[in-house]
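Since the structure comes first, as structure tokens, the remarks are kept for the end.
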Amino acid sequence: MEKILGVIEDLLDKFGNGTPEEKFDANEELKINLKSFKDNLAILVGEGNERAKVILDKLEKTNIS
């Protein structure tokens, strides 16, 4: 599960700080997988994973369009 955390963090970083192409690609990837990411992160948060909580908070604050 730690790998998925890295993937989501990378997408969020590219969404916020990447080149225009990286931002577009990250936005599309996040849109496609948003529900799955949130569901998986919620499970980890429920298990007490603090890193997952931080990532979930960032994901929920991100304006994905």
Side-chain angles (χ1 to χ4, degrees):
M1 255 322 167
E2 289 298 314
K3 288 183 181 182
I4 191 69
L5 296 179
V7 169
I8 299 169
E9 283 178 321
D10 186 52
L11 285 170
L12 289 170
D13 184 52
K14 287 179 180 175
F15 180 82
N17 303 313
T19 66
E21 293 165 346
E22 288 175 330
K23 287 181 179 186
F24 176 82
D25 290 343
N27 184 61
E28 293 301 306
E29 188 71 28
L30 288 167
K31 278 195 309 190
I32 291 167
N33 294 299
L34 187 60
K35 182 175 177 352
S36 175
F37 288 163
K38 284 184 175 182
D39 290 346
N40 287 325
L41 287 167
I43 291 168
L44 293 174
V45 169
E47 294 172 352
N49 188 315
E50 286 298 317
R51 183 176 172 204
K53 181 174 177 10
V54 170
I55 296 168
L56 182 58
D57 289 343
K58 285 182 187 178
L59 188 60
E60 290 181 340
K61 291 177 184 174
T62 303
N63 186 19
I64 299 167
S65 57

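Under the 4.5 Å side-chain heavy-atom criterion for ILVMFWY residues, a single connected hydrophobic cluster contains both Ile64 and Leu56. The same ILVMFWY cluster, assembled from side-chain heavy atoms under 4.5 Å apart, contains both Leu34 and Leu44. Linking ILVMFWY side-chain heavy atoms closer than 4.5 Å, directly or via other members, places Ile43 and Ile8 in two distinct hydrophobic clusters. Residues Phe24 and Val7 do not share a hydrophobic cluster, defined by chaining ILVMFWY side chains whose heavy atoms lie under 4.5 Å apart.
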Stepwise salt bridge (Lys or Arg N to Asp or Glu O under 4.0 Å) test for Arg51 and Glu9:
CA-CA 10 Å; Arg51 183 176 172 204; Glu9 283 178 321; 2.6 Å; yes
Run the numbers on Lys53 and Glu50 for salt bridge (Lys or Arg N to Asp or Glu O under 4.0 Å), then give the verdict.
CA-CA 5 Å; Lys53 181 174 177 10; Glu50 286 298 317; over 6 Å; no
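In terms of heavy atoms, Val45 sits closest to Ala52 at CG2-C, 3.7 Å.
How far NZ of Lys14 is from CG of Asp25: 8.5 Å, rounded to the nearest 0.5 Å. Distance OG1/Thr62 to CG/Leu12: 5.0 Å, rounded to 0.5 Å. For the atom pair Asp10 CG and Glu22 CD, the distance stands at 8.5 Å (nearest 0.5 Å). Here the CD atom belonging to Glu60 is positioned 14.0 Å from the CZ atom belonging to Phe37, to the nearest 0.5 angstrom.
When atom types are taken as modelled, the side chain of Asn27 and the backbone of Lys23 share no donor-acceptor pair closer than 3.5 angstrom.
Exactly one residue among Ile55, Asn49, Asp57 makes a side chain to side chain contact (heavy atoms under 4.5 Å, CB included) with Leu41. That residue is Ile55.
Here the side chains of Leu59 and Leu30 are in contact, with some heavy-atom distance below 4.5 Å.
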